[in-house]
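Below, chains carry the letters A, B, ... as their sequence lines are ordered, and counting in each starts from 1.
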Amino acid sequence: MDEKQDLTNLEQERLRKLEGLKDLGIDPYPYKFERSHFISELQKKYVDLANEERTEDMVTVAGRVVNQRNDWMFVDLVDDTGKIQLFSDAKTRPENLQELFKLLDKGDHIGVVGKIRRTPRGALTIDMETVTVLSKTLKPLPEIVEGKRRRLGIADVETRYRQRYLDLIVNEKSKDNLYKKAILMREIRNFLDDQDFVEIETPILNTEAGGAAARPFTTHHNTLGLDLNLRIATELHLKRLAVGGFERVYEIGRIFRNEGISIKHNPEFTSIEVYWAYTDVYDMMNLTEALVRYVAEKVTGSQQVNYQGTDIDFSKPFRRVSMQEIVREHTGKELVGRELNDAFEQHCEEKLIQPTIVYDYPIEISPLAKKHREKEGFVERFELFIYGRETANAFSELTDPQDQRERFEAQAKERAGGDDEAHVFDEDFVNALEYGLPPTSGMGLGIDRLAMFLTDSASIRDVIAFPTMKPL
RNA sequence: GCGUCUGUAGCUCAGCCCGGUAGAGCACUCGGCUUUUAACCGAUUGGUCCUAGGUUCAAAUCCUAGCAGACGCACCA
């Protein structure tokens with residue numbers, strides 16, 4: 001088959017234009033281009049320029065052509081910072097520009113030199129004097145057509161995730177989500193680093209995946225002839241670091257769990273775990289609350305955010321309530337153990353819209369947390385709920401190696417009984433505890449979920465650049 | 001894993017109930033017009049109707065199986 005027949009007319013047309021550029025001696029994929037300004041800098045600098053006012057200021061910008069009107073008389077150019085209009089009168093433009101525009105398409109990257117003015121209708125505009133092709137596009141940008149209206153966009157959400165580069169070109173919100181997630185991660189680090197925490201990387205490949213109740217992904221090391229598991233938490237290694245003397249340690253990292261995919265779940269996601277020696281779960285409550293409040297402000301500019309139509313207020317002290325109390329409040333029942341947790345998940349969780357710290361968890365479901373200093377059958381643990389979703393999980397860490405061994409043994413029995421999500425016995429971790437972990441509190445937080453709240457994203461896929469997809 | 005819905009031109013969709021040689025708008029190309037913001041006017045081009053099989057003289061349309069996706073439920077952070 002002739003390869004050309006597989007291409008759409010639109011693509012063949014662009015290939016023809018590419019050849020046309022080469023025929024003119026133009027390199028459609030040059031190496032470098034020096035700009036005098038980012039577009040947003042120009043918009044800011046000339047904000048007071050009046051309508052119809054012209055300047056003699058020569059500027060150089062570069063970006064992607066996102067729209068063109070009247071035979072390239074008006075062009076909208078976008079760079080990483082903003083959008084500006086370009087102008088060239090079809091009647092009076094020089095021959096070389098006339099020829100060049102015939103070979104350009106919407107979507108192409110160009111560099112432009114020209115003088116700044118403001119049109120009678122108020123658009124800041126550069127009168128194009130020279131135009132440099134910076135990258136010729138061979139495929140048209142996706143557009144959404146609504147009746148006779150059309151605009152850049154992608155109607156099919158699958159395409160947005162599979163071809164994120166297109167999504168980023170045409171959807172400002174998608175780019176903003178990822179930008180804000182980057183700010184979120186930066187500010188978490190700033191917050192902790194300011195308090196002398198250090199970030200240390202721990203292994204992703206492990207013989208056993210411990211530290212959480214989840215099924216792992218498995219892989220294989222060839223030269224060792226060894227099956228390995230991808231980590232499901234960073235917990236056990238970070239606590240080993242605490243044993244080794246890192247009193248304030250954390251890791252932001254990718255976690256892999258072999259579970260279902262949903263609007264709230266991606267097989268790989270980003271967590272932060274923090275371990276803080278010589279403190280207990282109540283100190284960690286304060287740290288977590290302060291951290292969440294701080295990043296909300298830094299990412300959104302406010303401590304009050306709107307998520308999917310609901311106002312969430314991070315500015316007020318978070319409600320703190322024991323699991324038994326909240327279950328009593330919603331069911332009138334006095335429960336303990338798994339029944340308590342089941343009732344909590346069934347009747348209470350989804351009602352915790354405003355940030356709420358729920359503490360005192362049953363010991364059965366918390367094999368890495370220290371026994372409650374007063375309440376029999378409970379551990380010193382809390383979870384932070386926002387919009388009914390578990391967002392953070394923390395305990396006074398279990399430091400007693402003999403107790404830890406017994407807890408692992410109880411988990412091993414459940415695993416033997418068919419629960420393939422029960423914790424794995426980690427002998428070396430118990431060994432580490434036998435060398436002495438000081439009193440320590442620890443906390444884990446789902447960064448993607450927090451990013452969802454701070455970007456008003458309905459799906460976790462909207463805050464992960466390349467979410468897991470089935471191959472086509 | 002279960003349920004509901006969807007798959008037709010580059011894009012957005014109509015046609016399917018009731019079988020009869022594939023339609024619209026936009027995009028692209030060409031021509032006209034020219035200070036626009038969805039520019040406008042005219043013409044042309046463009047299709048493996050998701051895939052495979054079946055029924056039929058005849059299938060986008062009816063039947064069966066499959067593939068892909070969205071949403072909801074279950075598991076999970």
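Evaluated for a side-chain hydrogen bond (donor to acceptor under 3.5 Å, both in side chains) with A/Ser40, the options A/Asp80, A/Thr81, A/Asp79 yield exactly one hit, A/Thr81.
The nucleotide B/rA58 finds no pairing partner, because no Watson-Crick or G-U wobble arrangement with both distances shorter than 3.5 Å includes it. The partner of B/rA70 is B/rU4, judged by Watson-Crick or G-U wobble contacts that both fall below 3.5 Å. Across all strands shown, B/rA65 pairs with B/rU51; the Watson-Crick or G-U wobble distances both stay below 3.5 Å. Using N1 to N3 plus N6-O4 or O6-N4 for Watson-Crick, or N1-O2 and O6-N3 for G-U wobble, each under 3.5 Å, B/rC13 pairs with B/rG23. Across all strands shown, B/rC30 is found opposite B/rG42 as a Watson-Crick or G-U wobble partner, with both distances under 3.5 Å. B/rC75 makes up no base pair with any nucleotide shown, lacking Watson-Crick or G-U wobble contacts both under 3.5 Å.
Put simply, CG on A/Leu141 is 11 Å from P on B/rC28, counting in whole angstrom units. A/Arg16 has its CZ atom 6 Å from the P atom of B/rC30, to the nearest Å. Between the CD atom of A/Gln12 and the P atom of B/rC30 there is a distance of 15 Å, given to the nearest Å. Here B/rU37 presents its P atom at 17 Å from CH2 of A/Trp72, a figure rounded to the nearest Å. Across the protein-nucleic acid pair, A/Phe101 atom CZ and B/rU34 atom P stand 19 Å apart, rounded to whole Å. Across the protein-nucleic acid pair, A/Glu349 atom CD and B/rA74 atom P stand 12 Å apart, rounded to whole Å. When rounded to the nearest whole Å, the span between CG of A/Asn70 and C1' of B/rG32 equals 13 Å. What separates CZ of A/Phe74 from P of B/rC40 is a distance of 14 Å, to the nearest Å.
One C1' atom belongs to B/rG20, the other to B/rG10, and the distance between them is 30 Å to the nearest Å. As rounded to the nearest Å, B/rU51 and B/rA68 have C1' atoms that lie 10 Å from one another. Taking the C1' atoms as reference points, B/rA70 lies 36 Å from B/rU29, given to the whole Å. B/rU48 and B/rA22 have their C1' atoms separated by 14 Å, with the value rounded to a whole Å. When the P atom is compared between B/rG15 and B/rU56, the two are found 29 Å apart, to the nearest whole Å. Comparing B/rU44 with B/rU21, their P atoms sit 22 Å apart, to the nearest whole Å. Look at the P atom in both B/rC71 and B/rC16: the space between them is 29 Å, to the nearest Å. Using atom C1' as the reference point in both B/rC28 and B/rC11, the two lie 12 Å apart (nearest Å).
By the ring-ring contact (aromatic ring centres under 6.0 Å, His included) test, A/Phe453 pairs with A/Tyr307, sequence neighbours left out.
Between the side chain of A/Asp71 and the base of B/rC33, a donor-acceptor pair under 3.5 Å is found.
Nucleic acid contact class of A/Asn266 (heavy atoms, under 4.0 Å, all strands): base. A/Lys102 comes within 4.0 angstrom of nothing in the nucleic acid, heavy atoms only. Residue contacts for A/Arg160: at a heavy-atom cut-off of 4.0 Å it reaches no nucleic acid atom on any strand shown.
When the nucleotides B/rU37, B/rA70, B/rC75 are ranked by their closest atom to the side chain of A/Arg69, B/rU37 comes out on top. Among the nucleotides B/rU35, B/rG69, B/rA39, the one closest to any side-chain atom of A/Met73 is B/rU35.
Contact check on A/Lys175 versus A/Glu172 returns no salt bridge, with no Lys/Arg side-chain nitrogen under 4.0 Å from an Asp/Glu carboxylate oxygen. With respect to A/Asp167 and A/Arg461, no salt bridge is recorded, no charged nitrogen being found less than 4.0 Å from a carboxylate O. Using a cut-off of 4.0 Å between Lys/Arg side-chain N and Asp/Glu carboxylate O, A/Glu208 and A/Arg415 are scored as not salt-bridged.
Side-chain N/O atoms of A/Arg461 include one lying less than 4.0 angstrom from OP1 or OP2 on B/rA70. Put simply, A/Asn258 has no side-chain N or O that comes within less than 4.0 Å of OP1 or OP2 on B/rC75. Look at A/Lys17 and you'll find a side-chain N or O under 4.0 angstrom from OP1 or OP2 of B/rU29.
Applying the salt bridge (Lys or Arg N to Asp or Glu O under 4.0 Å) definition to pairs two or more places apart or across chains, those involving residues 55-71 of chain A are A/Glu56-A/Lys115, A/Arg69-A/Asp76.
With no hydrogens or angles considered, no side-chain donor-acceptor pair links A/Asp280 and A/Ser441 at under 3.5 Å. Inspection of the A/Asn341 and A/Glu345 side chains reveals an N or O donor paired with an N or O acceptor under 3.5 Å.
Looking at residues 76-95 of chain A, you'll see A/Gln85, A/Phe87, A/Lys91 sit with a heavy atom under 4.0 Å from some atom of RNA chain B.
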Problem set entry | Intermediate values then yes/no, ring-ring contact (aromatic ring centres under 6.0 Å, His included), A/Phe408 and A/Phe425 | CA-CA 5 Å; A/Phe408 273 146; A/Phe425 201 120; 5.2 Å; yes

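Projected onto RNA chain B by closest heavy-atom contact, A/Ile263 and A/Arg215 fall at different nucleotides, the more 5' of which corresponds to A/Ile263.
Rounding to the nearest 0.5 Å places OH of A/Tyr282 at 7.0 Å from OH of A/Tyr359.
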